Amino acid sequence: MIQAALIRSISTVIIAQNEEECIANAIQSCLPFADEIVVVDGGSQDATVQISESLGCKVYTNPWPGYSKQRNFGADQAKHDWIFFLDADEVVDTELAIAISAWKTGLEPTTKALSVKRVGDFFGKWLDSRAEAHVRLYDKTQCRIKDVLVHEGPDVKDDPVTLLPGTLWHQGFRDMSDLVIRFNKYTDLDANQAHLLGNKFSLIRLLLKPPAKFLQQYLWYGMYRQGLAGFTLASLWSYYIFLKEIKLYEIDWRAKGETQPEPKEFGLPVTPTHQVQA
């Protein structure tokens, strides 16, 4: 039996906060296929909201509750069942926009979610060798964003996911200071998520996973072809794994009620803080 073609409607959902420098590019890249664009703002102090409204987006302000909850909030505000979500520093390329537009008028979908290839940048280079597939288009009546602290995505369980042609360009690199700040934030979330799942610190993981991550990034993903930029990024991802694991150790340490050691005297009297005279 031949299936009839449908016209499916898509709501694009973008979460943002203080993204005035890049959000216009994200919005405009979705215009060819989006039937509406919903921007969820976490409380920007710049022109993010004004730019989004000027481009025809529906803007909702929602104090930051975490990545998963913010994305689900946006999906709940969207009027269409099919949700395409992205970040404010991501851009849909022409091939991907055409593929999504073609999918909208295709046959009845056999999957409840579709993935896209995402490529990031670092020091002026597109890291194509590190391209990863991310589920970004999904039916909100069939699944929701998983309630996790970090690395959130639609909970498709073991269902098949179709990969769309084209690329989602992630223009995430601003400078090293910003990258270090974000690594620090994400490793906090990663370590806390691991703790919530019942994982404990492992010395073996601490010793083996960081160098394994470096080798994976530098050799397997071909980062050596990117010169100093590739070496730096592979090293940073190794450090990310180390930082996550040592933060998990810190969580375990604090959970045991460990305290700071008493100060040593080194030949000088140690005066407790509460006895210091004005």
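No experiment lies behind these values; they were computed from the predicted model shown.
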- Query: Counting only N and O atoms by type, is there a donor-acceptor contact under 3.5 Å from the side chain of Ser238 to the main-chain atoms of Pro210?
  - Reply: yes
- Item | Residue list, side-chain hydrogen bond (donor to acceptor under 3.5 Å, both in side chains) with Asp35, at least two apart or on another chain | Lys104
- Note on the structure: Only residue of Leu189, Ile145, Leu149 satisfying side chain to side chain contact (heavy atoms under 4.5 Å, CB included) with Tyr67 is Leu189
- Non-hydrogen side-chain atoms of Trp126 and Gln171 separated by less than 4.5 Å: yes
- Pairwise side-chain contact, Asp252 with Lys200, heavy-atom cut-off 4.5 Å (strictly under): yes
- Interatomic spacing from CZ in Phe85 to CZ in Arg136 - rounded to 0.5 Å: 5.0 Å
- Task: Give a yes or no answer on whether the side chain of Lys112 reaches the backbone of Pro160 with a donor-acceptor pair at less than 3.5 Å.
- Result: no
- Decide yes or no for Ile14 and Ile27: does some side-chain heavy atom of the first lie under 4.5 Å from some side-chain heavy atom of the second? yes
- Specify the closest pair of heavy atoms between Gln70 and Pro65, including all atoms of both residues, with the distance to one decimal. OE1-CD, 3.1 Å
- Query: Okay, side chain of Thr167, backbone of Asp93: is any donor-acceptor separation there less than 3.5 Å?
  - Reply: no
- Partners passing side-chain contact (heavy atoms from CB on, under 4.5 Å) against Thr162 (at least two apart in sequence or in another chain): Thr111, Leu114
- Query: Is a salt bridge present between Lys117 and Glu132, judged by a nitrogen-to-oxygen distance below 4.0 Å?
  - Reply: no
- Item | same_hphob_cluster(Leu86, Val39) at 4.5 Å side-chain heavy-atom cutoff | yes
- Using the ring pair (Phe, Tyr, Trp, His ring centres under 6.0 Å) rule, pick out the option among Phe231, Trp237, Phe173 that qualifies with Phe122. Phe173
- Check whether any side-chain heavy atom of Leu137 sits under 4.5 Å from a side-chain heavy atom of Ile83, and report yes or no. no
- Counting heavy atoms not belonging to Leu197, are there more than 12 under 6.0 Å from its CG? yes
- Item | Atom pair CD1/OG of Ile23 and Ser52 - distance to nearest 0.5 Å | 3.5 Å
- Of Val40, Asp41, Ile15, which meets side chain to side chain contact (heavy atoms under 4.5 Å, CB included) against Trp64? Ile15
- Query: Which heavy atom in Ser68 sits nearest to a heavy atom in Glu152, and how many Å separate them?
  - Reply: OG-CB, 3.2 Å
- Cation-pi, Trp103 ring and Arg8 (6.0 angstrom, 45 degrees): yes
- Message: Can you tell whether the side chains of Arg71 and Asp87 come within less than 4.0 Å, N to carboxylate O?
- Response: yes
- Item | Basic-acidic side-chain contact under 4.0 Å: Asp178, Arg182 | yes
- Sequence neighbours excluded, which residues qualify as side-chain hydrogen bond (donor to acceptor under 3.5 Å, both in side chains) partners of Lys79? none
- Only one of His80, Gln77, Lys58 forms a side chain to side chain donor-acceptor pair (under 3.5 Å) with Glu36, so which one is it? Lys58
- Does the side chain of Ile241 reach to within under 4.5 Å of the side chain of Glu245, using non-hydrogen atoms? no
- Message: Can you confirm whether or not the ring centre of Phe84 sits under 6.0 Å from the ring centre of Tyr138?
- Response: no
- Task: Would you mind checking if Arg144 and Asp76 are paired as a salt bridge, meaning a charged N to carboxylate O distance below 4.0 Å?
- Result: yes
